Each structure stands twice: as C-alpha cells, then as structure tokens.
Amino acid sequence: MEKKVISKAVINRLPRYYRYLGDLLEKDVVRISSKELSERMKVTASQIRQDLNNFGGFGQQGYGYNVEYLHSEIGKILGLDKKYNVIIIGAGNLGQALANYADFERRGFFVKAIFDVNPRLVGMSIRGIEIRLMDELEEFLKTNEVDIAALTLPKTQAAQVASDLAKWGIKGIWNFAPTDFNLPKDVTVENVHLAESLMKLSYRLSVKEKEQQEKEQQEKEQQ
Ligand code: NAI
C-alpha cells in the first residue's frame, strides 16, 4: 500500500487540535461537531475535516466527533501515548525555566537531569531534578534511557554538544540555541526560536499598520 505523506502544515495544526480537545475534555464535553470545533478554533470546518481525513476521519456524519476518542487518537499520532525521558543541557535562565515547568510531565515528558559546565551549579536541584556536571553526561546516557535532550546552552557550544549527543545515541534534540546542526539523519531536531516568532509578530503588525495607513490615505483622498 502506498504510504500517505502528511503535510507539515497538518502536523503543525495537530498540537492545537489536541490542546483544544483537552480543554473540552476537562469541561466534560462528550462530542462536538466540526462546525463548533471550527468556531472555537477559528479554522474552517472544511479545514478540520480535511486535516482529520488524513488520518481516517474520526468523525461520523450527523454526530460530529467524540471528543475523548479524537483527543486520544490525535495524541497517538503525535506520539503522546508514550513517555519520554528528557535531559536539559545548560542550566542557565532558560534551562532552569524549562526544568521548572511541571506541565510537560502531564504530556508525558519527564526531565531526568540537567547538565552544565559550571561547577558552581552542580549539586543544586530544580523541582527535585539534579544539576550535574557535563563530565558525567556520557556515563549518564549509558546507564539511563534518555529520548530527548533540550539544548539551552550558548550558541557557540551547541553544535559540538549536539554532535556528542548524537554519537552517544540521543535521537531527539529540542534545540533552543540559535544555530543549525549537521547531524546524522536518524537524529530528529526540533528548533524553537522565540525571536523568530517575535519577527513574525512584528511582520503582521507592520502589515496591519500599512493597511491602516492606506485606509487613512484613501479616506483623505475621498474627502
Ligand atoms: P545563560 O547564560 O543563562 O545559560 C547558559 C548556560 O549554559 C550556563 O549555565 C552555562 O554555564 C551553560 N553552558 C555553557 N557552555 C556549556 C556547555 N558546553 N555544556 C553545558 N552547559 C554549558 O543563557 P540563557 O539565557 O539560558 O540562554 C541559553 C541559550 O538559549 C542561548 O543559546 C540563547 O541564545 C538561547 N535562547 C533561546 C531562546 C529561544 O527562543 N530559542 C530564548 C532565550 C534564549
């Protein structure tokens, strides 16, 4: 059978569906029509149907979607039916903030250790998660199953650390350092760059500002 390729745009929308359905579940909503879901999410109903049809639909004509079932099926597609052990490399502002965020555990991501080169941080712990010296990393990876490494260390150090992690068997890198890596194909990297998101916001703000100026200009001309 031909394997269906799911577009990146669809994959990008799935976490949002998952989050909305999770909110509905918390409110004990049992079922929802694609129209209602579309109104809440501000996505067209046909977009929702199209997106979910990629995975076999899940909906029933005249019934809509069973919220619990759809939530759990999307969770499976996103791999959230598994548990992931995570380590954080770089225990500075961002690394500590991530370690402090307990909600990742609710999604199945468990931070097991934080590593840093700064000996002054060693022995400290955040929410019971110990900060260890980088020298211990290789040994730690031999004796603990780790699925994902979050990189919250300086850009200049990130590529070397990422390549060591790949060599020691890490398959998932959640990269916050503003740099790209050249890693073996079996290593999956997800980059998170808040500055890029801010640039998108500034673009949208400047487009709106231009539209407003054009509108004001037209109004002036009509007077
Ligand atoms: P920070 O200076 O507070 O923390 C960096 C930590 O990394 C320090 O504790 C330092 O000792 C440690 N470190 C240095 N070299 C290391 C190595 N080779 N191995 C392990 N640990 C090492 O910096 P902050 O603010 O936490 O930022 C960390 C990184 O995240 C930077 O690359 C920064 O540009 C990036 N960043 C990215 C954001 C994003 O949206 N992607 C947002 C904020 C920061």
Side-chain angles (χ1 to χ4, degrees), residues 8-9 11-19 22 78-80 84-208:
K8 231 179 165 178
I11 305 290
N12 281 342
R13 283 194 287 271
L14 287 183
R16 195 154 166 258
Y17 289 126
Y18 187 78
R19 181 161 55 82
L78 290 171
L80 299 175
Y84 296 91
N85 288 336
V86 178
I87 55 169
I88 296 174
I89 316 279
N93 292 310
L94 187 56
Q96 294 199 21
L98 290 182
N100 261 315
Y101 188 56
D103 212 44
F104 293 136
E105 278 150 32
R106 215 160 56 89
R107 311 265 186 236
F109 300 92
F110 294 87
V111 179
K112 293 296 178 185
I114 313 169
F115 291 87
D116 203 289
V117 282
N118 183 350
R120 276 188 296 174
L121 295 172
V122 172
M124 271 174 57
S125 52
I126 297 161
R127 285 196 315 116
I129 309 158
E130 205 182 318
I131 302 181
R132 300 161 187 259
L133 209 51
M134 274 304 266
D135 296 350
E136 293 173 39
L137 178 58
E138 186 176 2
E139 193 54 35
F140 185 90
L141 293 177
K142 276 186 196 150
T143 48
N144 292 273
E145 232 173 77
V146 176
D147 308 289
I148 295 171
L151 297 193
T152 51
L153 71 169
K155 169 181 167 172
T156 49
Q157 310 292 310
Q160 182 57 54
V161 170
S163 122
D164 287 343
L165 287 165
K167 191 170 70 194
W168 297 331
I170 289 287
K171 296 283 179 260
I173 291 187
W174 196 26
N175 174 40
F176 289 82
T179 185
D180 296 320
F181 306 131
N182 192 3
L183 295 172
K185 279 216 168 64
D186 64 339
V187 180
T188 304
V189 180
E190 176 68 23
N191 293 304
V192 184
H193 297 319
L194 297 184
E196 288 178 12
S197 177
L198 261 184
M199 287 182 227
K200 281 192 233 163
L201 177 61
S202 82
Y203 167 76
R204 288 166 59 197
L205 286 174
S206 61
V207 168
K208 284 219 174 114

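Ligands are counted one by one from 1 in listed order, and the atoms in each one are counted from 1 as well. Since the model is a prediction, treat every value here as computed from it, not as a measurement.
- Q160 and D164 share a donor-acceptor pair across their side chains, judged by distance under 3.5 Å alone.
- Within the structure, every pair that satisfies the salt bridge (charged side-chain N to carboxylate O under 4.0 Å, His left out) test and touches residues 184-208, not counting sequence neighbours, is listed here: K171-D186.
- Other residues, nucleotides and ligands place more than 12 heavy atoms under 6.0 Å from the CG atom of N12.
- We find that E105 and R127 are joined by a salt bridge, their nearest charged nitrogen and carboxylate oxygen being less than 4.0 Å apart.
- Note: K112 NZ to I148 CD1 = 13.0 Å, rounded to the nearest 0.5 Å.
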Exercise. Do N191 and N175 pass the side-chain hydrogen bond (donor to acceptor under 3.5 Å, both in side chains) test, and can you show the C-alpha distance, the side-chain angles, and the key distance before you say yes or no?
Worked result: CA-CA 5 Å; N191 293 304; N175 174 40; 2.9 Å; yes
Dump the pairs for me: ligand 1 N or O, protein N or O, distance under 3.5 Å, to 0.1 Å.
unit_1   : atom_1 : unit_2 : atom_2 : d
ligand 1 : 3 (O)  : N93    : N      : 2.9
ligand 1 : 3 (O)  : N93    : ND2    : 3.2
ligand 1 : 9 (O)  : D116   : OD2    : 2.7
ligand 1 : 11 (O) : D116   : OD1    : 2.6
ligand 1 : 18 (N) : Q157   : OE1    : 3.4
ligand 1 : 26 (O) : N93    : N      : 3.1
ligand 1 : 26 (O) : L94    : N      : 2.8
ligand 1 : 32 (O) : L153   : O      : 2.8
ligand 1 : 40 (O) : L194   : N      : 2.6
ligand 1 : 41 (N) : F176   : O      : 2.9
ligand 1 : 41 (N) : V192   : O      : 2.5

